[in-house]
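Letters A, B, ... mirror the listed sequences (proteins, then strands); counts begin at 1.
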Amino acid sequence: MTKFKENVIKIVSKIPYGKVMSYGQVALCASFPRGARQVGWILNKLNYEETKNLPWWRVVNNEGRISIKNSEYLPPEQKQKLEAEGLKIKKDLTFDINNYRYIPTPEEYLELTDDFLDEKF
DNA sequence: ATAATGACATGTT
DNA sequence: TAACATGCCATTA
(Lines give C-alpha, C1' and ligand atoms only; values in the text may rest on other atoms or scores of the structure.)
Protein backbone atom coordinates (compact mmCIF):
# COMPACT_ATOMS: atom_id res chain seq x y z
CA MET A 1 0.00 0.00 0.00
CA THR A 2 1.75 3.15 -1.15
CA LYS A 3 1.27 6.58 0.39
CA PHE A 4 -0.17 7.73 -2.88
CA LYS A 5 -2.81 5.04 -2.90
CA GLU A 6 -3.74 5.78 0.71
CA ASN A 7 -4.15 9.44 -0.13
CA VAL A 8 -6.21 8.72 -3.21
CA ILE A 9 -8.56 6.57 -1.18
CA LYS A 10 -8.87 9.26 1.48
CA ILE A 11 -9.62 11.94 -1.06
CA VAL A 12 -12.12 9.95 -3.07
CA SER A 13 -13.95 8.87 0.07
CA LYS A 14 -14.42 12.55 0.94
CA ILE A 15 -16.22 13.51 -2.26
CA PRO A 16 -19.74 14.45 -1.15
CA TYR A 17 -22.91 12.85 -2.43
CA GLY A 18 -23.92 14.32 -5.76
CA LYS A 19 -20.50 15.83 -6.49
CA VAL A 20 -17.60 14.70 -8.66
CA MET A 21 -13.88 15.29 -8.98
CA SER A 22 -11.56 14.74 -11.93
CA TYR A 23 -8.66 12.30 -11.81
CA GLY A 24 -6.31 15.26 -11.98
CA GLN A 25 -8.00 16.95 -9.04
CA VAL A 26 -7.76 13.83 -6.94
CA ALA A 27 -4.09 13.53 -7.83
CA LEU A 28 -3.50 17.16 -6.84
CA CYS A 29 -5.26 16.76 -3.51
CA ALA A 30 -3.26 13.62 -2.84
CA SER A 31 -0.13 15.76 -3.28
CA PHE A 32 0.72 14.00 -6.53
CA PRO A 33 0.30 16.97 -8.89
CA ARG A 34 0.72 15.04 -12.13
CA GLY A 35 -0.58 11.65 -11.12
CA ALA A 36 -3.90 11.63 -12.92
CA ARG A 37 -3.18 8.42 -14.80
CA GLN A 38 -2.01 6.72 -11.65
CA VAL A 39 -5.30 7.59 -9.98
CA GLY A 40 -7.10 5.82 -12.79
CA TRP A 41 -4.72 2.91 -12.50
CA ILE A 42 -5.33 2.60 -8.76
CA LEU A 43 -9.10 2.73 -9.13
CA ASN A 44 -8.87 0.04 -11.79
CA LYS A 45 -6.97 -2.26 -9.44
CA LEU A 46 -9.07 -1.78 -6.28
CA ASN A 47 -10.17 -5.02 -4.71
CA TYR A 48 -13.73 -5.72 -3.64
CA GLU A 49 -13.23 -4.70 -0.02
CA GLU A 50 -11.87 -1.35 -1.15
CA THR A 51 -14.50 -0.57 -3.78
CA LYS A 52 -17.22 -1.48 -1.32
CA ASN A 53 -16.65 1.63 0.81
CA LEU A 54 -15.38 3.96 -1.88
CA PRO A 55 -17.50 6.19 -4.16
CA TRP A 56 -15.27 5.55 -7.18
CA TRP A 57 -18.09 6.61 -9.50
CA ARG A 58 -17.66 10.21 -8.36
CA VAL A 59 -14.34 10.36 -10.19
CA VAL A 60 -14.50 11.29 -13.86
CA ASN A 61 -12.15 12.88 -16.33
CA ASN A 62 -11.65 16.63 -16.49
CA GLU A 63 -14.08 17.14 -19.39
CA GLY A 64 -16.99 15.59 -17.56
CA ARG A 65 -16.83 12.31 -19.38
CA ILE A 66 -17.09 8.82 -17.96
CA SER A 67 -13.91 7.18 -19.16
CA ILE A 68 -13.84 3.77 -17.54
CA LYS A 69 -11.96 1.11 -19.49
CA ASN A 70 -10.90 -2.50 -19.04
CA SER A 71 -12.50 -2.72 -15.63
CA GLU A 72 -14.94 -4.97 -13.85
CA TYR A 73 -17.22 -1.98 -13.96
CA LEU A 74 -18.72 -0.53 -17.11
CA PRO A 75 -19.65 3.02 -18.12
CA PRO A 76 -23.42 2.38 -17.90
CA GLU A 77 -22.98 1.27 -14.31
CA GLN A 78 -21.16 4.46 -13.37
CA LYS A 79 -23.75 6.53 -15.25
CA GLN A 80 -26.53 4.88 -13.29
CA LYS A 81 -24.81 5.51 -9.97
CA LEU A 82 -24.28 9.18 -10.77
CA GLU A 83 -27.84 9.63 -11.98
CA ALA A 84 -29.03 8.07 -8.75
CA GLU A 85 -27.34 11.02 -7.01
CA GLY A 86 -29.16 13.57 -9.14
CA LEU A 87 -26.72 14.18 -11.98
CA LYS A 88 -28.08 14.52 -15.48
CA ILE A 89 -25.91 12.55 -17.85
CA LYS A 90 -26.23 12.56 -21.63
CA LYS A 91 -26.33 9.33 -23.53
CA ASP A 92 -22.81 9.88 -24.81
CA LEU A 93 -21.72 9.57 -21.15
CA THR A 94 -20.82 13.25 -20.84
CA PHE A 95 -22.27 15.93 -18.57
CA ASP A 96 -21.52 19.47 -17.46
CA ILE A 97 -18.95 18.79 -14.79
CA ASN A 98 -18.86 22.43 -13.73
CA ASN A 99 -22.33 22.04 -12.26
CA TYR A 100 -21.20 19.23 -10.02
CA ARG A 101 -17.44 19.61 -9.52
CA TYR A 102 -16.35 19.40 -5.88
CA ILE A 103 -13.74 21.97 -4.85
CA PRO A 104 -12.12 20.85 -1.60
CA THR A 105 -11.11 23.42 0.97
CA PRO A 106 -7.37 23.72 1.69
CA GLU A 107 -7.91 21.89 4.98
CA GLU A 108 -9.01 18.86 3.03
CA TYR A 109 -5.89 18.66 0.90
CA LEU A 110 -3.37 16.17 2.15
CA GLU A 111 0.26 16.85 2.91
CA LEU A 112 0.56 20.16 1.19
CA THR A 113 3.94 20.67 -0.42
CA ASP A 114 5.58 23.85 -1.62
CA ASP A 115 5.46 22.59 -5.19
CA PHE A 116 1.78 21.94 -4.81
CA LEU A 117 1.11 25.36 -3.33
CA ASP A 118 3.02 27.03 -6.15
CA GLU A 119 0.92 25.24 -8.67
CA LYS A 120 -2.43 25.72 -7.06
CA PHE A 121 -2.26 29.11 -5.44
C1' DA B 1 17.56 -2.00 -18.24
C1' DT B 2 14.18 -0.80 -21.93
C1' DA B 3 9.67 -0.53 -23.80
C1' DA B 4 4.75 -0.66 -23.69
C1' DT B 5 0.37 0.28 -21.34
C1' DG B 6 -3.28 3.04 -19.14
C1' DA B 7 -10.77 4.56 -15.48
C1' DC B 8 -5.72 11.22 -17.62
C1' DA B 9 -4.78 16.41 -19.01
C1' DT B 10 -3.83 20.03 -22.10
C1' DG B 11 -2.74 22.18 -26.25
C1' DT B 12 -2.66 22.29 -31.36
C1' DT B 13 -4.52 21.04 -35.99
C1' DT C 1 -16.22 18.82 -33.12
C1' DA C 2 -12.82 15.55 -33.56
C1' DA C 3 -8.30 13.80 -34.22
C1' DC C 4 -3.65 14.09 -33.08
C1' DA C 5 0.46 15.12 -30.30
C1' DT C 6 2.95 15.57 -26.03
C1' DG C 7 3.62 15.20 -21.14
C1' DC C 8 2.89 12.38 -17.27
C1' DC C 9 4.47 8.27 -14.09
C1' DA C 10 3.43 3.58 -11.66
C1' DT C 11 3.14 -0.91 -13.14
C1' DT C 12 3.95 -4.71 -16.20
C1' DA C 13 6.24 -7.44 -19.74
Side-chain angles (χ1 to χ4, degrees):
Chain A
M1 175 74 94
T2 67
K3 199 70 182 178
F4 180 48
K5 180 173 177 181
E6 290 180 29
N7 287 351
V8 167
I9 290 176
K10 280 185 202 168
I11 294 291
V12 173
S13 63
K14 280 183 180 178
I15 305 176
Y17 181 98
K19 296 288 184 180
V20 300
M21 283 176 75
S22 73
Y23 296 91
Q25 268 187 290
V26 173
L28 275 172
C29 296
S31 71
F32 256 75
R34 281 163 289 287
R37 304 194 70 148
Q38 287 67 303
V39 172
W41 183 86
I42 285 171
L43 293 184
N44 187 5
K45 297 282 276 183
L46 291 176
N47 62 42
Y48 175 73
E49 285 302 315
E50 290 166 326
T51 59
K52 204 164 57 168
N53 297 312
L54 196 70
W56 53 266
W57 57 88
R58 297 183 192 142
V59 184
V60 297
N61 81 1
N62 199 42
E63 297 174 351
R65 188 171 58 246
I66 291 173
S67 54
I68 221 171
K69 265 193 274 184
N70 303 327
S71 167
E72 303 255 348
Y73 303 95
L74 298 171
E77 183 174 351
Q78 183 170 11
K79 176 174 180 287
Q80 181 186 357
K81 284 184 173 294
L82 289 173
E83 286 177 330
E85 300 189 353
L87 281 70
K88 296 181 176 55
I89 311 218
K90 304 173 194 170
K91 79 178 170 188
D92 64 358
L93 300 178
T94 70
F95 62 97
D96 188 353
I97 190 176
N98 294 316
N99 289 348
Y100 307 106
R101 189 191 292 276
Y102 175 55
I103 309 295
T105 63
E107 292 75 31
E108 294 177 274
Y109 289 83
L110 298 178
E111 300 175 17
L112 296 175
T113 65
D114 290 341
D115 284 348
F116 170 77
L117 292 173
D118 287 345
E119 221 173 295
K120 181 76 183 174
F121 301 107

Spacing of [X] atom [atom1] relative to [N] atom [atom2], expressed in whole Å:
X     : N     : atom1 : atom2 : result
A:W56 : B:dA7 : CH2   : P     : 13 Å
A:M21 : B:dC8 : CE    : P     : 16 Å
A:I42 : B:dC8 : CD1   : P     : 13 Å
A:K69 : B:dA9 : NZ    : C1'   : 13 Å

Strand contacts (DNA chain B) in residues 76-99 of chain A, 4.0 angstrom heavy-atom criterion: none

Considering all heavy atoms, the nearest [X]-[Y] contact:
X      : Y     : value
A:Y100 : A:G86 : OH-O, 4.2 Å
A:I97  : A:E63 : CG2-C, 4.4 Å
A:V12  : A:P55 : O-CG, 3.4 Å
A:T94  : A:R65 : CG2-CG, 3.9 Å
A:L28  : A:P33 : CD2-CA, 3.7 Å
A:I9   : A:L54 : O-CD1, 3.5 Å

Any side-chain N or O of [X] under 4.0 Å from OP1/OP2 of [N]?
X     : N      : value
A:S67 : B:dC8  : yes
A:N62 : B:dT10 : yes
A:N44 : B:dG6  : no

Can you tell me, in whole Å, how much space there is between the P of B:dA7 and that of C:dT6?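 After rounding to an integer number of Å, I get 22 Å for this pair.
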
Between A:K5 and A:W41, is there a side-chain heavy-atom distance shorter than 4.5 Å?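 A:W41 does not reach A:K5 side chain to side chain.
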
Working for ring-ring contact (aromatic ring centres under 6.0 Å, His included), residues A:W56 and A:Y73: CA-CA 10 Å; A:W56 53 266; A:Y73 303 95; 4.4 Å; yes

So does A:Y102 get a backbone contact from the side chain of A:Q25, meaning a donor-acceptor N/O pair under 3.5 Å? yes

Could you encode protein contacts along nucleotides 5-13 of chain C as a string, one character per nucleotide from 5' to 3', using B for base contact, S for sugar-phosphate-only contact and - for no contact, with a heavy-atom cut-off of under 4.0 Å? --BBBSSS-

